[in-house]
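Remember, it's a predicted structure, so these values are computed and weren't measured experimentally.
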Amino acid sequence: MIITYKIPSGVMHVNADEFFRLARRPAIRRMLKQLRQDPTAAEEYGPQIREYLLGQEQAEHGRWATGAAKMVMAQTRLREAESRYKQMQSPCYACYTRDKDLLAAAKEDVQNAKYECSQLKREIAEVQKLEQRYKEIQVDVEGMLII
């Protein structure tokens, strides 16, 4: 979505996708103040910005839910891989093996599962931050543009 409004020195064009994702809060507030000074643009884009931000928040929440489901599956795989590796090491279990290649493969499976879990944790944290960011921007929009 491109937001176009008049400023004292000309016309401003803002790409909402990039701007709201990357800009800092003071820059967003400054843009909203400038937008508020152009009443026709504020009337036109205020509701659109609000809908856009709500949609982005919901999309991030959906990504979070998907990531959480993936995380559960990855943790299950990790527990299974760790259990299998322990059984392969202990002579008390039927799966015990002295084959170094099989042990190395099992150990690598455990490491890969741990890596996948850590990647998913980072992704979930990033998505949560973006969701919170869009919520905070919505509060700014509602306060500054009086929709």
Side-chain angles (χ1 to χ4, degrees), residues 1-5 7 11-36 38 41-147:
M1 175 170 96
I2 304 294
I3 302 168
T4 305
Y5 58 93
I7 57 174
V11 177
M12 181 72 78
H13 301 283
V14 177
N15 182 344
D17 294 330
E18 292 180 25
F19 183 73
F20 289 122
R21 186 170 40 89
L22 301 173
R24 294 198 171 139
R25 296 276 303 273
I28 293 170
R29 288 180 178 157
R30 188 175 31 226
M31 187 276 290
L32 292 173
K33 286 178 186 176
Q34 291 173 346
L35 181 63
R36 181 177 57 197
D38 183 1
E43 281 182 28
E44 178 183 349
Y45 289 113
Q48 289 179 15
I49 291 171
R50 188 167 183 249
E51 288 176 26
Y52 170 80
L53 291 171
L54 185 61
Q56 290 298 101
E57 178 191 342
Q58 290 172 349
E60 294 302 327
H61 186 75
R63 284 182 54 202
W64 174 81
T66 302
K70 286 181 183 179
M71 183 66 172
V72 168
M73 289 188 295
Q75 287 175 335
T76 302
R77 279 194 298 267
L78 174 61
R79 283 192 299 272
E80 290 171 355
E82 285 176 336
S83 173
R84 189 171 39 252
Y85 182 62
K86 277 186 177 181
Q87 288 177 353
M88 291 176 82
Q89 287 180 316
S90 175
C92 297
Y93 292 101
C95 297
Y96 174 69
T97 183
R98 292 181 187 216
D99 187 356
K100 301 290 183 195
D101 293 335
L102 285 176
L103 283 174
K107 186 175 182 178
E108 186 175 334
D109 286 345
V110 169
Q111 290 172 343
N112 289 340
K114 284 182 181 179
Y115 177 76
E116 183 181 4
C117 285
S118 66
Q119 287 290 100
L120 286 169
K121 281 181 187 177
R122 273 188 243 123
E123 182 180 319
I124 288 170
E126 180 181 326
V127 167
Q128 286 176 329
K129 286 179 187 176
L130 280 173
E131 182 180 3
Q132 183 63 32
R133 176 182 175 84
Y134 288 123
K135 283 180 184 179
E136 291 170 357
I137 295 171
Q138 284 180 29
V139 170
D140 289 343
V141 167
E142 289 175 9
M144 298 180 97
L145 293 182
I146 306 171
I147 301 170

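Residues M31 and Y5 form a side-chain contact, since some pair of their non-hydrogen atoms from C-beta on lies under 4.5 Å apart. In this structure the side chain of Y45 never reaches within 4.5 angstrom of the side chain of V14, judged on heavy atoms. T66 is listed as a side-chain neighbour of K70, based on a closest heavy-atom distance under 4.5 Å. A heavy-atom distance below 4.5 Å is not found between the side chains of D99 and M88. Between Q111 and K114, the closest side-chain pair of non-hydrogen atoms is not below 4.5 Å.
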Would you sort out whether R77 and D109 count as a side-chain contact (heavy atoms from CB on, under 4.5 Å), showing the intermediate values? CA-CA 9 Å; R77 279 194 298 267; D109 286 345; over 6 Å; no

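Expressed to the nearest 0.5 Å, how far CG of L22 lies from CD1 of I28 amounts to 9.5 Å. One distance of note links CG of D38 with CD of E44; it measures 9.5 Å at 0.5 Å rounding. Rounded to the nearest 0.5 angstrom, N15 CG and M1 CE are separated by 9.5 Å. For the atom pair NZ (K107) and CG (L102), the distance works out to 15.0 Å, reported to the nearest 0.5 Å. Residue L103 holds its CG atom at 6.5 Å from NZ of K100, rounded to the nearest 0.5 Å. If you take CD on E82 and CZ on R84, they are separated by 10.5 Å, rounding to the nearest 0.5 Å.
Considering every non-hydrogen atom in both C117 and L78, the closest pair reads SG-CD2, 4.1 Å. Across V11 and I7, no two heavy atoms sit closer than the pair N-CG1, 4.3 Å. For R36 against M144, the heavy-atom pair with the smallest separation is CD-O, 3.0 Å. Considering every non-hydrogen atom in both T4 and A41, the closest pair reads O-CB, 3.9 Å. In terms of heavy atoms, L35 sits closest to A42 at O-CB, 3.6 Å.
Note on ring orientation: taking the six-membered ring where Trp is involved, the planes of Y52 and Y134 are perpendicular (angle over 60°, cut-offs 30° and 60°).
Results of the salt bridge (Lys or Arg N to Asp or Glu O under 4.0 Å) test with D140 over R25, R24, R30 single out R25 as the only residue that passes.
With no hydrogens or angles considered, a side-chain donor-acceptor pair links R122 and Q119 at under 3.5 Å. For the residue pair Y85 / Q89, a side-chain donor-acceptor distance below 3.5 Å is found, with atom types taken as modelled.
A salt bridge links R63 with E60: the distance from a Lys NZ or Arg NE/NH1/NH2 to an Asp or Glu carboxylate oxygen falls below 4.0 Å.
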